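I have placed the structure first, in the form of structure tokens, so that the comments after it can refer back to it.
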Amino acid sequence: MQMREYNLHWLNTNLHREKLLRPIRVPLFRGLIGWRLALVKLGDERQFENTHNLTHLSHFKAGQGHNWPDNPILRRNGIPLQLSASWEGLFKMLDQGRIDYFPRSVIEIWDEQSLPLARGLTVEPNIVLHYRAAYYFFTRRDSPELATAIENGLYAAIANGDFERTFNQFYGRAIQRSQLGTRRIIALERNDLNFPVAELLWYKPPKRE
């Protein structure tokens with residue numbers, strides 16, 4: 001991966017990208033990319049009723065793209081994967097029973113469920129996978145002034161509330177539909193990267209009653 005044709009990109013971070021480029025460590029989706037719901041075939045959601053932990057989840061095969069950056073995370077946590085060369089192909093694989101579920105982030109799944117290729121599929125209602133994940137702005141290594149300007153702008157937006165207002169405007173409805181506070185959280189370990197520790201940067205669902 002090279003970044004010579006332009007100065008700025010936003011990407012789901014991984015170790016390779018952080019070595020090659022300069023990350024601006026403000027999670028643009030407040031970590032929602034790492035809150036994953038399961039898209040399943042209609043009627044198959046009953047299979048997950050007694051799924052409470054990774055041991056239970058390891059009995060089900062997840063569908064993923066060949067080069068998706070979260071594949072190593074899922075594998076390290078013992079989740080069996082079936083890979084596809086295309087995003088569209090994963091919907092077909094799920095419909096044909098070649099995979100048991102298609103994990104999608106809170107910010108993706110509801111729009112995708114409404115697509116024609118997702119006909120006959122539904123969102124499993126009881127579980128959510130969670131691991132630290134972040135989309136960052138990245139600049140070239142030789143552009144420190146640009147990186148500093150973007151970082152300063154993001155923290156100014158956080159301080160004056162614009163960042164959270166924009167976040168809620170675009171993702172508030174998806175968060176509400178996902179009902180994360182009522183789901184069983186299956187936590188996946190990730191220790192390949194150091195993420196920002198400031199809790200205000202990360203979305204936290206209400207505690208389950």
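Predicted, not measured: the structure shown is a model, and the values here were computed from it. In what follows, residues are counted from 1 in the order of the sequence shown.
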Step by step, work out the side chain to side chain contact (heavy atoms under 4.5 Å, CB included) result for Q113 and T122. CA-CA 7 Å; Q113 188 204 16; T122 189; 3.8 Å; yes
Indicate yes or no: does E18 engage R25 in a salt bridge with an N to O separation below 4.0 Å. yes
Whether R165 side chain and N160 backbone form a donor-acceptor pair below 3.5 Å: yes
For the CG atom on D142, are there more than 12 heavy atoms of other groups (residues, nucleotides or ligands in this structure) within a distance under 6.0 Å? yes
Any side-chain heavy atom of F167 within less than 4.5 Å of one from L32? yes
Examine distances only and state if a side-chain atom of R183 and a backbone atom of L37 form a donor-acceptor pair shorter than 3.5 Å. no
Are L74 and Q64 packed together at the side-chain level, in the sense that at least one heavy-atom pair is separated by less than 4.5 angstrom? yes
Taking the side chain as every heavy atom from C-beta outward, state whether W35 and I185 have any pair of such atoms under 4.5 Å apart. yes
Could you tell me if Q169 and T166 have a donor-acceptor pair between their side chains, going purely by distance under 3.5 Å? no
For a side chain to side chain contact (heavy atoms under 4.5 Å, CB included) check, start with the C-alpha distance between D100 and V40, then their side-chain angles and the critical distance, and finish with the verdict. CA-CA 7 Å; D100 298 303; V40 300; over 6 Å; no
Give me each pair satisfying salt bridge (Lys or Arg N to Asp or Glu O under 4.0 Å) with a member in residues 63-76, each pair once, sequence neighbours excluded. R36-D70, R76-D192
Would a hydrophobic clustering, with Ile, Leu, Val, Met, Phe, Trp and Tyr connected at side-chain separations under 4.5 Å, put L42 with L39? no
Report the distance from atom CG of N152 to atom OH of Y155, rounding to the nearest 0.5 Å. 10.0 Å
Is a salt bridge present between D95 and K92, judged by a nitrogen-to-oxygen distance below 4.0 Å? no
Distance-minimising heavy-atom pair for P196 and Y136: CD-OH, 3.2 Å
Identify the two heavy atoms, one from Q47 and one from F60, that lie closest to each other, and give their separation to 0.1 Å. O-CZ, 3.3 Å
Between L11 and V26, is there a shared hydrophobic cluster once you connect ILVMFWY residues whose side-chain heavy atoms come closer than 4.5 Å? yes
Minimum heavy-atom distance between L188 and L54, given as atom pair plus value: CD1-CD2, 3.9 Å
Going only through I, L, V, M, F, W and Y residues with side-chain contacts under 4.5 Å, is there a path from F195 to L129? no
To the closest 0.5 Å, what do you measure between CG (L201) and CD (E164)? 11.0 Å
Is it possible for you to say whether F29 and I150 belong to one hydrophobic cluster, with membership spreading through side-chain heavy-atom contacts below 4.5 Å? yes
Is the backbone of I73 close enough, under 3.5 Å, to the side chain of N77 for a donor and an acceptor to pair up by distance? yes
Could you work out the complete set of other residues in the hydrophobic cluster of V197, with links drawn between I, L, V, M, F, W and Y side chains under 4.5 Å apart? none
E124 (side chain) donor-acceptor with I127 (main chain) under 3.5 angstrom: yes
Looking only at atom types and distance, does a side-chain atom of Q96 sit under 3.5 Å from a main-chain N or O of M93, one as donor and one as acceptor? no
Counting distance only, does the side-chain N/O of S84 pair as donor-acceptor with the main-chain N or O of S86 below 3.5 Å? yes
Is it true that a side-chain atom of S143 and a backbone atom of T139 form a donor plus acceptor pair closer than 3.5 Å? no
Would you say N12's side chain and P69's backbone share a donor-acceptor pair under 3.5 angstrom? no
Side chains of N7 and F138, heavy atoms from C-beta outward: is any pair under 4.5 Å? no
Among residues two or more places apart or on two chains, list those pairs meeting salt bridge (Lys or Arg N to Asp or Glu O under 4.0 Å) that have a residue in residues 39-56. none
Counting only heavy atoms from other residues, nucleotides and ligands, does the tally under 6.0 Å from CZ of R173 exceed 12? no
Could you check whether any side-chain heavy atom of W87 comes within less than 4.5 Å of a side-chain heavy atom of W68, counting everything from C-beta outward? yes
Tell me whether the count of non-hydrogen atoms from other residues, nucleotides or ligands lying under 6.0 Å of CD in Q176 goes above 12. no
4.5 Å side-chain heavy-atom contact, Y171 and R30: no
4.5 Å side-chain heavy-atom contact, I186 and H130: no
Count I, L, V, M, F, W, Y as connected when their side-chain heavy atoms are under 4.5 Å apart, and connections chain through other members. Are L28 and V106 then in the same cluster? yes
CD1 on I33 to CD1 on I107, rounded to 0.5 Å: 4.0 Å
Looking only at non-hydrogen atoms, find the nearest pair between Y101 and I79 and report the distance. OH-CG2, 3.3 Å
If you compare all heavy atoms of L83 against all heavy atoms of G65, which two are closest, and at what distance to 0.1 Å? CD2-O, 3.8 Å
For side chain to side chain contact (heavy atoms under 4.5 Å, CB included), just list the numbers for F91 and E112, CA-CA rounded to whole Å, side-chain angles, deciding distance to a tenth of an Å, and then say yes or no. CA-CA 10 Å; F91 292 87; E112 293 179 353; 4.0 Å; yes
Taking C-beta and beyond as the side chain, do L20 and R17 meet within less than 4.5 Å on heavy atoms? no
To the closest 0.5 Å, what do you measure between CG (L94) and CG (L121)? 5.0 Å
Which value, rounded to the nearest 0.5 Å, describes the distance between L81 atom CG and I99 atom CD1? 10.0 Å
Is it true that W10 and Y135 have ring centroids separated by less than 6.0 Å? yes
Nearest non-hydrogen partners of R190 and R132, listed with the distance: NH1-O, 2.8 Å
Side chain R141, main chain L21, donor-acceptor under 3.5 Å: yes
With a 3.5 Å distance limit and no angle check, can you tell me whether H52 reaches the backbone of R184 through a side-chain donor-acceptor pair? no
